[in-house]
Protein chains: 2
Amino acid sequence: MGLRERKKHQTRLALIDSAFELFLCQGYEATTVDQIAAAVDVSPRTFFRYFGSKEDLALDFTVEYEELITTALAARPQDEPPFTALAHAFREFIHAMETNAAEDTERFLRHRRVIDANPTLLTTSFARMAEIEKKLVVEVARRQGTDPATDPRPRLLVAFITSAIRVGFECSVDGAAYLGSLIWNVESTLTLAEEALRPGWDQLSLGSSGQVATKASSPR
Amino acid sequence: MGLRERKKHQTRLALIDSAFELFLCQGYEATTVDQIAAAVDVSPRTFFRYFGSKEDLALDFTVEYEELITTALAARPQDEPPFTALAHAFREFIHAMETNAAEDTERFLRHRRVIDANPTLLTTSFARMAEIEKKLVVEVARRQGTDPATDPRPRLLVAFITSAIRVGFECSVDGAAYLGSLIWNVESTLTLAEEALRPGWDQLSLGSSGQVATKASSPR
DNA sequence: TTGTCATCTGTCACGGACTGACATAAATTA
DNA sequence: TAATTTATGTCAGTCCGTGACAGATGACAA
């Protein structure tokens, strides 16, 4: 890696670090791009060459998490039922936040604290989750041997499980033992979701075909 | 109603109308607040006295829909199982979009077209849906005789059904027979969701207590 | 009708998030 | 070292959104 690339990577990290430090101590809204840029001794214009927006910086980590979750799912055994595979993938992801290097755990908690404190960020982070969902749907559909474009069942399954995860997160807005309660809550909502679903539903063994109206095949 | 109030109501509607006309012909992003204000012959400052932001105007109708959905749920018979009641409430809501006065239907379709064309708006409209969910959770918990603050099951149930609705909406991004395909898709995803859930799960007759960790009762 | 009062509105000034254009400085490569 | 690429800073400008102030316009009572 050349010097140029190293420098870029370095200022990028510096921007993120300084930004979150400011977010935590002043709040997200109250922190201006100019402040962040000044903290790294960079012009405001340069900030926008690294991040499309202030929000982009704040939610930058989501792409990393997306990577973690999708690979976790891909690594699950092929013969595992889709719901179980998804549940384990998420479990592994959240567990990784705990067992990772202390510095990674620290970062994760910082992110959560900043996001949870700001409704707009929270909203947009959910929207990013929707991006992750799309990828998960593709993998689930593959495992189910169906076409996600015409069959809504993979989407529904993924939507169900991410709903459970989201509810788990929502229940954990504490300060002190946040990570512990988060893991416990996600675990319990996942269990609840498992109990709520009809056994074997995720395997498409029975039931209707689940065709849906697309531009091509609209009813009537 | 006095003259003053009538005028306010009038300019408010004029702002919405002019705005959506511009949104449809130029796109949401490309339309500036100044343009909207100019179209109604009002100062830009006044625009912000009617709406907190451009987005607020674009998503103004959500409060109306929130009202429709929550009252539809409240009107369902008390002895109806929660899932059935929720499903019917949403069905009624969407059906109302079709059977309403033609002008209301037209407005609904305009809204959808503008929203669907803009990722940011779509995201935020989902966030507003989260607000609706909160109200639904309260009503569902009441019907289930449980406390939504400590028991995640009402939230999970509501999250499941709104997921189904959302998937139904996502499958319907056509132009021509949009409303028809929307109704059909929502209907079919609701049916799918019904099939996916274990019968009677929504009535809390059996299963674990579903306690969740809050600040008060966090596990270790 | 008139005068007081509340409220709505326009104007002005401003801050903060972004963007395009251009020049400069730095690293890469030959 | 020279030529080329690429990152950065400066500058000017747009748009969203807000506080402050003053003038216009209904509301209402005497």
Side-chain angles (χ1 to χ4, degrees), chain A residues 1-23 25-60 114-115 117-125 127, chain B residues 1-16 18-20 22-23 25-60 114-115 117-125 127:
Chain A
M1 208 202 303
L3 168 61
R4 189 166 240 156
E5 227 169 325
R6 253 180 299 141
K7 268 189 156 182
K8 264 175 67 178
H9 189 249
Q10 180 182 331
T11 56
R12 179 186 173 82
L13 290 185
L15 281 171
I16 294 178
D17 270 6
S18 301
F20 270 90
E21 193 172 335
L22 290 165
F23 291 163
C25 99
Q26 311 178 343
Y28 171 77
E29 300 277 5
T31 303
T32 70
V33 170
D34 291 36
Q35 287 176 343
I36 302 171
V40 188
D41 210 52
V42 159
S43 86
R45 189 65 185 88
T46 295
F47 174 95
F48 289 105
R49 292 200 174 96
Y50 280 88
F51 302 96
S53 65
K54 199 170 78 167
E55 211 177 36
D56 257 28
L57 181 149
L59 297 174
D60 177 67
V114 170
I115 303 261
N118 191 277
T120 309
L121 283 182
L122 199 56
T123 290
T124 315
S125 80
Chain B
M1 209 201 301
L3 168 60
R4 188 165 239 155
E5 225 168 327
R6 255 181 298 141
K7 269 191 157 181
K8 264 176 66 178
H9 190 249
Q10 180 182 331
T11 56
R12 179 187 172 81
L13 289 186
L15 282 171
I16 294 180
S18 301
F20 272 89
L22 290 166
F23 291 163
C25 98
Q26 313 178 341
Y28 172 77
E29 300 278 5
T31 304
T32 70
V33 170
D34 291 35
Q35 286 176 345
I36 302 171
V40 188
D41 211 51
V42 159
S43 84
R45 188 64 184 89
T46 295
F47 174 95
F48 289 106
R49 292 200 175 96
Y50 281 87
F51 301 97
S53 64
K54 199 171 76 167
E55 211 177 36
D56 257 28
L57 180 149
L59 297 174
D60 177 66
V114 170
I115 303 256
N118 191 276
T120 308
L121 282 182
L122 198 57
T123 291
T124 315
S125 79

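Sequence lines set the chain letters: A, B, ... in the order given, protein chains first and strands last, and positions in each chain run from 1.
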Write down the distance between CD (A:Q10) and C1' (C:dA26), rounded to a whole number of angstrom.
15 Å

Of the nucleotides D:dG9, C:dG10, D:dG17, which one has an atom closest to the side chain of A:T46?
D:dG9

Pairing donors with acceptors under 3.5 angstrom, does anything connect the side chains of B:T120 and B:T123?
no

Hey, does the side-chain of B:R6 have a donor or acceptor N/O within less than 3.5 Å of a partner on the base of D:dG26?
no

If I take atom NZ from residue A:K8 and atom CG from residue A:L13, how far apart are they, to the nearest 0.5 angstrom?
12.5 Å

Donor-acceptor check, side chain of B:K54 to backbone of B:T31, threshold 3.5 angstrom: yes or no?
yes

Nearest-angstrom distance from the residue atom CG of B:L3 to C1' of D:dC28
14 Å

Tell me: CZ of B:F48 to P of C:dC14, nearest whole Å?
19 Å

For A:K54 and C:dC18, is the shortest distance between a side-chain N/O and OP1 or OP2 below 4.0 Å?
no

Taking C:dA26, D:dG26, C:dG10 as options, the one with an atom nearest any side-chain atom of B:R45 is C:dG10

At 4.0 Å (heavy atoms only), tell me whether B:S43 reaches a base, stays on the sugar-phosphate, or touches nothing.
base

Record whether the side chain of B:R49 comes under 3.5 Å of the base of D:dG17 through a donor-acceptor pair of N or O atoms.
no

What is the distance from CG of B:D34 to P of D:dC16, rounded to the nearest Å?
7 Å

Could you state the CD-P distance from B:E29 to C:dT19, rounded to the nearest angstrom?
11 Å

With heavy atoms under 4.0 Å as the rule, sort B:Y50 into base, sugar-phosphate or nothing.
sugar-phosphate

note: A:E5, atom CD; D:dT5, atom P; distance rounded to Å ~ 18 Å

Nucleotide C:dG16, atom P - distance to CG of A:L22 in whole Å
14 Å

Does D:dG26 have OP1 or OP2 sitting under 4.0 Å from an N or O in the side chain of B:K7?
yes

Ignoring hydrogens and angles, answer whether the base of C:dA26 and the side-chain atoms of A:R4 contain a donor-acceptor pair closer than 3.5 Å.
yes

Can you tell me how far apart CZ (A:F51) and CD1 (A:I36) are? Round to the nearest 0.5 Å.
9.0 Å

For DNA chain D, whose closest nucleotide is more 5', that of B:F47 or that of B:M1?
B:F47

Distance check needed: C:dA17 P versus A:D56 CG, whole Å only.
14 Å

Quick one: is C:dC8 close enough that its OP1 or OP2 comes under 4.0 Å of any side-chain N or O from B:K8?
yes

Taking everything shown except B:Q35 itself, do over 12 heavy atoms lie less than 6.0 Å from its CD?
yes

